[in-house]
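Read through the structure below, which is laid out as structure tokens, and then see the notes.
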Amino acid sequence: MPRNRVAWDRWAADYAAPGLRSWATAEVTWGIWRIPEAEAGVLCDPYAWIPEAARLLRPSGQLIFLVNSVLLMLTVPDEDDRPAAERLVRPYFGMHRFEWPDDESVEFHLGHGQMIRLLRDCGLEVEDLLELRPGPDATTRYPFVTLDWARRWPCEEVWKARKPT
């Protein structure tokens, strides 16, 4: 791992500027051939990217990813300028694709049972689910959740899964 870090640090200058240009475009592209996201369909549908990640992992390799918490997705209003509520605003069952009226992006979120089944169906073993809690003085630039809300309920989750040997 330290050997890879040295190599990536050395290569970073060659990738930084092109990467910034690519991510600043109207549509994200992937890989050396700059395949458009609309064609690749990689962002965030877990039924597409988790099986591919599991396929690429070597035995005993870990898949670690951060998502908005299930609870946050059940309580955040559709309107862009309003933070998460203290009541449920959408159903838990059937969660998958979220489209926002004020934004052209699409997000994907699964309930915990769905996520566990997907990871296991892809041959991965769930090792942990961390429900993150910010510190009392933490700040964020994102208006969809307040610090007070995030100190009482998890707004982000880190999933850890491993491919068995």
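For the single chain, residues carry numbers from 1 onward in sequence order.
The heavy-atom pair separating Trp149 from Pro154 by the smallest distance is CZ3-O, 3.6 Å. Nearest heavy-atom pair across Val76 and Arg82 is CG2-O, 4.5 Å. In terms of heavy-atom proximity, Met95 sits nearest to Pro91 at CG-O, 3.6 Å. Closest approach of Leu63 to Ala53, counting heavy atoms only: CD1-CB, 4.0 Å. In plain terms, the two heavy atoms of Thr75 and Val89 that are nearest each other are C-CG2, 3.8 Å. Tyr92 approaches Leu74 most closely through the heavy-atom pair CA-CD2, 3.6 Å.
The closest side-chain heavy-atom distance from Leu72 to Cys155 is below 4.5 Å. Contact of the Glu157 side chain with the Val70 side chain is registered, since non-hydrogen atoms from C-beta on lie closer than 4.5 Å.
To the nearest 0.5 angstrom, Ile50 atom CD1 is 15.0 Å from Arg55 atom CZ. Atom CD of residue Glu156 and atom OG of residue Ser69 lie 8.0 Å apart, to the nearest 0.5 angstrom. Annotation: the span from Met115 atom CE to Arg120 atom CZ amounts to 14.5 Å, rounded to 0.5 Å. The structure places CE of Met73 at 8.0 Å from CZ of Phe144, a figure rounded to the nearest 0.5 Å.
Phe93 and Phe108 sit in two unconnected hydrophobic clusters of ILVMFWY residues. Membership requires side-chain heavy atoms under 4.5 Å apart, directly or through other members. Transitive grouping of hydrophobic side chains (ILVMFWY, heavy atoms separated by less than 4.5 Å) brings Tyr142 and Trp100 into a common cluster. Linking Ile, Leu, Val, Met, Phe, Trp and Tyr whenever their side-chain heavy atoms come within less than 4.5 Å leaves Phe98 and Val67 in two separate clusters.
Between the side chains of Gln114 and His96, not a single donor N or O lies within less than 3.5 Å of an accepting N or O.
Other residues, nucleotides and ligands place more than 12 heavy atoms under 6.0 Å from the CZ atom of Arg90.
Taking 4.0 Å as the cut-off between side-chain N and carboxylate O, Arg97 and Glu107 do not count as a salt-bridged pair.
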Enumerate donor-acceptor pairs with a distance under 3.5 Å from any side-chain N or O in residues 122-133 to protein atoms, sequence neighbours excluded.
from	atom 1	to	atom 2	distance (Å)
Glu127	OE1	Gln62	NE2	2.8
Glu127	OE2	Arg162	NE	2.6
Arg133	NE	Arg151	O	2.8
Arg133	NH2	Arg151	O	3.0

Note to self: Determine whether Leu147 and Thr139 satisfy the following criterion, side chain to side chain contact (heavy atoms under 4.5 Å, CB included), listing intermediate values before the conclusion.
What the structure shows: CA-CA 7 Å; Leu147 179 60; Thr139 60; over 6 Å; no

Next item on the list: For side chain to side chain contact (heavy atoms under 4.5 Å, CB included), just list the numbers for Ile64 and Trp159, CA-CA rounded to whole Å, side-chain angles, deciding distance to a tenth of an Å, and then say yes or no.
Entry: CA-CA 6 Å; Ile64 300 173; Trp159 287 83; over 6 Å; no

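You'll find the ring centres of Trp49 and Phe65 inside the 6.0 Å limit.
In this structure Asp9 satisfies the salt bridge (charged side-chain N to carboxylate O under 4.0 Å, His left out) test with no other residue, sequence neighbours excluded.
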